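The next block holds one structure in the form of structure tokens; read it before the comments.
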Amino acid sequence: MKVVKARRDVTFGTGASAALIKEAEERLGVTFPAVLTEYLQRFGWLAVGSEEFYGLGSDVPSHLSLVENTVWEREQSGCPVPHNLVPIYNDGFGNLACVDVGDPRGRVAFWDHDRGEDQ
């Protein structure tokens, strides 16, 4: 947290409550690994320079809503992400950095929108 706060180009939220995190898990039908829960509780959402990371919280910008972006990527994108992946970052070209909620360590997986659903 000190490293993040020490940067001048960082903006983040007030953090998400345990109730809000549980509500997000229920809506998405997953259980977040501890590392994602900690990120959401500490920061809510995060922007480092021009790079923005999805999140939760009363102050999350609508375009950074973790739940809404996950639902959209699962149901409406041209290359739907599988249920075990929760997107936390879009590179602006349609590729996603996702947390694998099926992995207790919260492994980050890259989802390439050009490679199709068999990744």
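In what follows, residues are counted from 1 in the order of the sequence shown. Given the structure is predicted, the values throughout are model-derived calculations rather than measurements.
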Subject >> Exam field: side chain H83 to backbone G29, donor-acceptor pair closer than 3.5 Å >> reply: yes
Original post:
Can V86 be reached from F110 by stepping across I, L, V, M, F, W or Y side chains whose heavy atoms are under 4.5 Å apart?
Top reply: no
**OP:** Please name the pair of heavy atoms, one in P33 and one in G106, separated by the smallest distance, quoted to 0.1 Å.
**Re:** CG-CA, 3.5 Å
**OP:** Mind checking the CG-CG spacing from L66 to L56? Nearest 0.5 Å is all I need.
**Re:** 5.0 Å
Original post:
salt bridge (charged side-chain N to carboxylate O under 4.0 Å, His left out) between E23 and R27: does it pass, once the steps are laid out?
Top reply: CA-CA 6 Å; E23 181 181 315; R27 179 139 181 240; over 6 Å; no
Original post:
Is the side chain of N69 donor-acceptor paired with the backbone N or O of P87 at a distance under 3.5 Å, no angle test?
Top reply: no
**OP:** Kindly compute the distance separating OG (S17) from CD (Q41), expressed to the nearest 0.5 Å.
**Re:** 9.0 Å
Original post:
Do you know which two heavy atoms are closest between S65 and V60, and how far apart they sit?
Top reply: N-CG2, 4.3 Å
Original post:
From E52 CD over to L46 CG, what is the distance, rounded to the nearest 0.5 angstrom?
Top reply: 9.5 Å
**OP:** Indicate if W72 and Y89 have the same hydrophobic cluster label, given that clusters are the connected sets of ILVMFWY residues with side-chain heavy-atom separations under 4.5 angstrom.
**Re:** no
Original post:
Applying the 4.5 Å side-chain criterion to the ILVMFWY set and letting contacts propagate, would L40 and V35 be lumped into a single cluster?
Top reply: no
**OP:** Treat each ILVMFWY residue as a node, draw an edge where side-chain heavy atoms are under 4.5 Å apart, and state whether L28 and F53 are in one component.
**Re:** yes
Original post:
Does the side chain of V48 reach to within under 4.5 Å of the side chain of D9, using non-hydrogen atoms?
Top reply: yes
Subject >> Residues E73, N90; criterion side chain to side chain contact (heavy atoms under 4.5 Å, CB included); working and verdict >> reply: CA-CA 10 Å; E73 292 293 351; N90 184 312; 4.0 Å; yes
Original post:
Got a second to check how far R107's CZ is from N84's CG, nearest 0.5 Å?
Top reply: 8.0 Å
Original post:
Under 3.5 Å, side chain of W111 to main-chain N/O of L85, donor-acceptor pair present?
Top reply: no
**OP:** Could you check H63 against E68 for side-chain hydrogen bond (donor to acceptor under 3.5 Å, both in side chains), going step by step and ending with a plain yes or no?
**Re:** CA-CA 8 Å; H63 71 283; E68 297 308 318; over 6 Å; no
**OP:** Report yes if some heavy atom in the side chain of F43 is under 4.5 Å from a heavy atom in the side chain of T14; otherwise report no.
**Re:** no
Original post:
In a check of side chain to side chain contact (heavy atoms under 4.5 Å, CB included) between E25 and each of V101, L36, T31, which one passes?
Top reply: T31
Original post:
Taking H113 for the side chain and F93 for the main chain, is one N or O donor matched with an acceptor at less than 3.5 Å?
Top reply: yes
Subject >> Inter-residue atom distance W45.CH2 - L64.CG, 0.5 Å rounding >> reply: 6.5 Å
Original post:
If you take all heavy atoms of A16 and G57, which pair is closest and at what distance?
Top reply: CB-N, 4.3 Å
Subject >> Heavy-atom pair with the smallest gap, counting every atom of V67 and A24 >> reply: CG2-CB, 3.5 Å
**OP:** Check the hydrophobic clustering (I, L, V, M, F, W, Y; side-chain heavy atoms under 4.5 Å; chains of links allowed) and say if L20 and V30 are grouped together.
**Re:** yes
Original post:
Quick one: OH on Y39 to CZ on F32, what's the gap to the nearest 0.5 Å?
Top reply: 11.0 Å
